[in-house]
Amino acid sequence: MAGLRLAHRPPPDRGAGLLAGLFPDADHVRVPIADEPGTAAAVRSADVLRRNLAAVRESLAAIPDDTLLVTVGGDCAVDLAPVERAHARYGDRLALVWLDAHGDLNTPASSPSKAFHGMILRALLGEGPADLLPARPLSPSRVVLAGARALDAGERAFLDAGPLRHLPPAALTPEALAAAVADTGAEAVYLHLDLDVLDPGTFASVGTPEPGGLTPEALSAAVQALAGGFALAGMAITEYEPRSPEDQKTLETLAGTFLP
């Protein structure tokens, strides 16, 4: 591993700046993106998302493949190119753990909101807008959805019909998560963390809080269980909307347990 690089959005995303500050020793790469509303309707602001995806891919292309990449800021859709990068390096040796209160498994046809951040995991599996897909889709059998408790009808149907593993909060112990990843046959794990996986009673600085989530201690234990058994292929921390100094302190504590 050549070192740690941190890719994040520049201001005005205050959450990205605060997240970046959790890793002061990393080399920081700021990705310039457009933040204005788009005109596309089938997927909200798809025209802007396409430009932003190109900007992220361009930035990642300059980072050596053996660098541990941590992406911070923005919503879950920011993780398309970083997961794509990890998959290109590790291939079928990679598992993706998606820690999120929501499934992010909608398609443009099934999505009530038409927001791409609710479709991003399905897109990583190869189903979604043609110009917002990875170069190589992941197999559902290599993905573990963890902590999700707010699922749309189409997402539930997808989970019921396929091999994608789902651990709701009540089943999400460190041992169960490590076993689910081991069952994929993977050697390395990419960790996607939407902070709304946390229970809003312990962490409320997110845009779409859902009750019944993880405590910070449970999240830390789960991440450490993965780090103890698998190579870390990359990580993203998303959906931070700072609201209180207490939540920032919680993140400072968590960040110290996330990376080897």
Side-chain angles (χ1 to χ4, degrees), residues 7-10 12-16 19 31 33-57 60 70-86 96-134 137-138 143 145-156 158-159 164 166 190-198 200 203-210 213 234-242:
H8 60 92
R9 295 175 57 170
D13 189 336
R14 178 168 170 260
L19 289 171
V31 182
I33 63 166
D35 221 12
E36 73 269 10
T39 58
V43 174
R44 193 194 309 164
S45 300
D47 48 336
V48 176
L49 293 170
R50 287 192 294 269
R51 298 200 302 271
N52 289 342
L53 176 59
V56 176
R57 282 173 168 158
L60 296 187
V70 179
T71 303
V72 298
D75 63 29
C76 293
V78 75
D79 222 6
L80 196 158
V83 173
E84 177 184 61
R85 174 183 184 269
L96 172 62
V97 172
W98 200 266
L99 282 153
D100 200 313
H102 308 90
D104 296 351
L105 285 167
N106 275 303
T107 64
S110 71
S111 172
S113 69
K114 306 304 178 186
F116 186 61
H117 68 98
M119 311 178 199
I120 175 61
L121 183 52
R122 191 72 167 265
L124 286 166
L125 301 177
E127 296 183 66
D131 44 6
L132 291 172
L133 294 176
L138 288 156
V143 178
L145 175 62
R149 56 212 184 260
L151 297 168
D152 294 322
E155 295 175 312
R156 289 187 183 277
F158 179 80
L159 288 171
L164 194 151
H166 174 214
Y190 186 100
L191 184 61
H192 171 91
L193 172 58
D194 180 335
L195 290 168
D196 68 18
V197 77
L198 293 166
F203 186 90
S205 293
V206 296
T208 51
E210 299 288 348
M235 182 177 184
I237 307 174
T238 68
E239 305 278 3
Y240 184 32
E241 297 186 12

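All residue numbers in this chain count up from 1 along the given sequence.
- The OH atom of Tyr190 lies 4.5 Å from the OG1 atom of Thr71; values are rounded to the nearest 0.5 Å.
- With a 4.5 Å cut-off on side-chain heavy atoms, Leu198 and Val206 do not count as touching.
- Here the closest non-hydrogen pair linking Tyr240 and Gly15 is CD2-O, 3.6 Å.
- Side chain of Glu155 to backbone of Asp104: a donor-acceptor contact under 3.5 angstrom is found.
- Separation of atoms CD1 (Ile237) and CG (Leu99) is listed at 11.0 Å; rounding is to 0.5 Å.
- Closest of all the heavy-atom pairs between Ala148 and Gly103 is CB-N, 4.4 Å.
- A 4.5 Å side-chain heavy-atom check between Leu121 and Asp100 finds every atom pair outside the cut-off.
- Scanning all heavy atoms of the two residues, the minimum distance from Met119 to Thr107 falls at SD-C, 3.9 Å.
- Closest heavy-atom contact between Ala81 and Arg57: CB-CG, 3.9 Å.
- Here the side chain of His192 pairs no donor or acceptor atom with the backbone of Cys76 at under 3.5 angstrom.
- Side-chain N or O atoms of Asp196 include one that pairs as donor or acceptor with a backbone N or O of Ala101 at under 3.5 Å.
- Of all heavy-atom pairs between Gly147 and Val197, the closest is CA-CG2, 3.9 Å.
- Two residues are said to be in side-chain contact when any heavy atoms from C-beta on lie closer than 4.5 Å; Leu124 and Trp98 meet this criterion.
- Only one option out of Glu239, Glu210, His117 pairs with His102 in a side chain to side chain donor-acceptor pair (under 3.5 Å); it is Glu210.
- Looking at heavy atoms from C-beta onward, Asp152 lies out of side-chain contact with Ser110 at the 4.5 angstrom threshold.
- Contact annotation: the side chain of Leu125 approaches that of Leu164 to within less than 4.5 Å [non-hydrogen atoms, C-beta and beyond].
- Residues Thr238 and Asp75 are not in side-chain contact: their nearest non-hydrogen atoms beyond the backbone lie 4.5 Å or more apart.
- We find the CZ-CG distance between Arg122 and Leu133 to be 11.5 Å, quoted to the nearest 0.5 Å.
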* To do: Any chance you could lay out the side chain to side chain contact (heavy atoms under 4.5 Å, CB included) test for Leu132 and Arg50, step after step, and finish with the verdict?
  => CA-CA 7 Å; Leu132 291 172; Arg50 287 192 294 269; 4.1 Å; yes
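- A heavy-atom distance below 4.5 Å is not found between the side chains of Leu49 and Arg44.
- In this structure, Pro112 and Asn106 approach most closely via the heavy-atom pair CD-ND2, 4.0 Å.
- For Arg14 (side chain) and Glu241 (main-chain N/O), no donor-acceptor pair under 3.5 Å exists by modelled atom type.
- When side chains are defined from C-beta on, Val83 does not count as touching Ile120, because their heavy atoms never get closer than 4.5 Å.
- Interatomic distance, CD of Glu84 versus CG of Leu60, reported as 8.5 Å (0.5 Å rounding).
- Here the straight-line distance linking atom CZ of Phe116 with atom OG of Ser111 works out to 10.5 Å at 0.5 Å rounding.
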